[in-house]
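Here's the structure, in structure tokens; my notes come after.
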Amino acid sequence: MRFDVLTLFPELIRSHLDFSIMRRATEEGVISVNTINPRDYTLDKHKKVDDTPYGGGAGMVLMPQPYIDAYEAVEKKEHSITLMMTPQGEPFTDKISNELASYEQIVILCGHYEGFDERIREIIKPREISIGDFVLTGGELPALCIIDSVSRKIEGTLGKIESAHDDSFSDGLLEYPQYTKPRNFRGYEVPEVLLNGNHKLIDEYRMEQKIARTKSKRPDLWKKFSK
């Protein structure tokens, strides 16, 4: 899987790759993450990439020329998709993450300031994705959420790909509670069912916990699951 991220702040993207699972995945060649800075493609001698909005208003708008030229300079694989991180996009879900993991390449457009000139949308025609009903200062953190989530679905990122199969949302429910040593901590005991080695009973217990936890914490998910 190759990720190509158009961003004015490539350091924000690269820094995430220096730690933990993402570092191992990049070092082992499971994924590659490249950054493209639209400032390198601007025709302005001062490296300007934004300007005031037509019609007035606060803030600055990202100009089409640097972003379009930067995007067109990215070599596209045959099976690739382009995403735009924006609050106006469709909500990102585990289902979308699974879908994106089937691609060879994901190109991600990160905005900043007051957002993109509309012609960037019209010319590139990206799939627009939102990570929630709130606004951030830029698209880099949402892009990292996409990269991290999708990478977990790719064989070789996690120690065992089965780890992702039991994650919250993988089957429409929240994950069951997890325990490790010690068996007793400050009077809180590990449930006995997890200690007896009966995997049928353990599976039944975990499903019961998933259902109870989803009903309690995310009734909206339970409503969808139980239809």
Side-chain angles (χ1 to χ4, degrees), residues 1-17 22 31-151 153:
M1 168 68 77
R2 193 177 95 194
F3 298 93
D4 292 286
V5 186
L6 272 69
T7 169
L8 299 176
F9 302 96
E11 297 83 2
L12 289 175
I13 301 297
R14 293 173 188 151
S15 63
H16 183 65
L17 305 176
M22 297 303 293
I31 64 170
S32 64
V33 183
N34 309 301
T35 56
I36 304 94
N37 194 333
R39 289 191 193 280
D40 296 335
Y41 293 84
T42 181
L43 303 179
D44 182 85
K45 65 180 180 179
H46 301 296
K47 299 295 184 181
K48 188 176 181 181
V49 294
D50 59 343
D51 212 328
T52 54
Y54 280 118
M60 305 289 278
V61 176
L62 295 169
M63 301 159 64
Q65 178 273 317
Y67 272 82
I68 299 298
D69 285 0
Y71 176 76
E72 291 178 345
V74 176
E75 183 180 352
K76 314 297 191 304
K77 292 192 174 187
E78 183 177 354
H79 193 43
S80 69
I81 187 171
T82 299
L83 308 179
M84 174 183 281
M85 308 314 301
T86 167
Q88 302 176 27
E90 59 184 304
F92 185 59
T93 64
D94 192 64
K95 181 179 179 181
I96 293 176
S97 182
N98 284 323
E99 178 186 343
L100 294 176
S102 68
Y103 286 88
E104 294 180 276
Q105 176 190 26
I106 301 176
V107 183
I108 306 178
L109 307 177
C110 298
H112 229 76
Y113 313 122
E114 284 300 306
F116 296 97
D117 182 297
E118 188 64 21
R119 290 165 292 186
I120 297 174
R121 284 186 172 88
E122 294 170 346
I123 293 172
I124 295 179
K125 296 179 174 56
R127 181 173 181 177
E128 299 185 36
I129 298 291
S130 168
I131 64 165
D133 294 341
F134 51 89
V135 178
L136 298 171
T137 55
E140 286 76 19
L141 289 177
L144 287 172
C145 289
I146 299 290
I147 294 170
D148 197 299
S149 175
V150 172
S151 295
K153 314 290 185 181

Of all pairs that satisfy side chain to side chain donor-acceptor pair (under 3.5 Å), the ones with a partner from residues 44-64, not counting sequence neighbours: none
D148 vs C145 side-chain heavy atoms within contact, under 4.5 Å: no
Can you give me the closest heavy-atom contact between S130 and T86, atom names plus distance? CB-O, 3.2 Å
Looking at every heavy atom in both F116 and V61, which two are closest together, and how far apart are they? C-CG1, 3.9 Å
Rounded to the nearest 0.5 Å, what separates atom CZ in R14 from atom CD in E140? 12.0 Å
For K95, does the NZ atom have more than 12 heavy-atom neighbours from other residues, nucleotides or ligands under 6.0 Å away? no
Would Q105 and V74 satisfy side-chain contact (heavy atoms from CB on, under 4.5 Å), going step by step from the backbone distance to the final call? CA-CA 11 Å; Q105 176 190 26; V74 176; 3.9 Å; yes
Applying side-chain contact (heavy atoms from CB on, under 4.5 Å), run through T7 and L12 and close with a yes or a no. CA-CA 9 Å; T7 169; L12 289 175; 5.9 Å; no
Taking the side chain as every heavy atom from C-beta outward, state whether I123 and P64 have any atom pair closer than 4.5 Å. no
Quick check: closest heavy atoms across P91 and I96, and the distance to 0.1 Å? O-CD1, 3.3 Å
Check whether any side-chain heavy atom of V5 lies under 4.5 Å from a side-chain heavy atom of C110, and answer yes or no. yes
Full working for side-chain contact (heavy atoms from CB on, under 4.5 Å) between D94 and K153: CA-CA 10 Å; D94 192 64; K153 314 290 185 181; 2.5 Å; yes
Can you tell me how far the CD1 atom of I81 sits from the CD1 atom of I106, to the nearest 0.5 Å? 7.0 Å
As an exercise, state the distance from CD1 of I129 to CD1 of I108, rounded to the nearest 0.5 Å. 10.0 Å
Is any side-chain heavy atom of T82 closer than 4.5 Å to one of Y71? yes
Heavy-atom count around R127 CZ within 6.0 Å, excluding the residue itself: above 12? yes
Taking side chain as C-beta onward, heavy atoms only, is S149 less than 4.5 Å from F92? yes
Are any of the side-chain heavy atoms of Y113 and L8 separated by less than 4.5 Å? yes
Which atom pair, heavy atoms only, marks the closest approach of S32 to R2? OG-CG, 3.1 Å
For the student: nearest non-hydrogen atoms of A70 and L6, plus distance: CB-CD2, 3.9 Å
Look only at the side chain of S151 and the backbone of I147, and say whether a donor-acceptor pair between them is shorter than 3.5 Å. yes
Hey, does I124 have a side-chain heavy atom less than 4.5 Å from the side chain of Y67? no
In terms of heavy-atom contacts, I120 and M63 come closest through CD1-O, 3.8 Å
For G59, does its backbone N or O pair with a side-chain atom of E114 as donor and acceptor, under 3.5 Å? no
Kindly indicate whether the side chain of L144, heavy atoms from C-beta on, has any atom under 4.5 Å from the side chain of M22. no
Assess the residue pair I146 and M85 against the criterion (side-chain contact (heavy atoms from CB on, under 4.5 Å)); give the C-alpha distance rounded to whole Å, side-chain angles, the decisive distance to 0.1 Å, and a yes or no. CA-CA 9 Å; I146 299 290; M85 308 314 301; 3.7 Å; yes
Quick one: list whatever passes salt bridge (charged side-chain N to carboxylate O under 4.0 Å, His left out) with E118, sequence neighbours left out. R121
Sequence-distant partners of R39, salt bridge (charged side-chain N to carboxylate O under 4.0 Å, His left out), two or more places apart: none
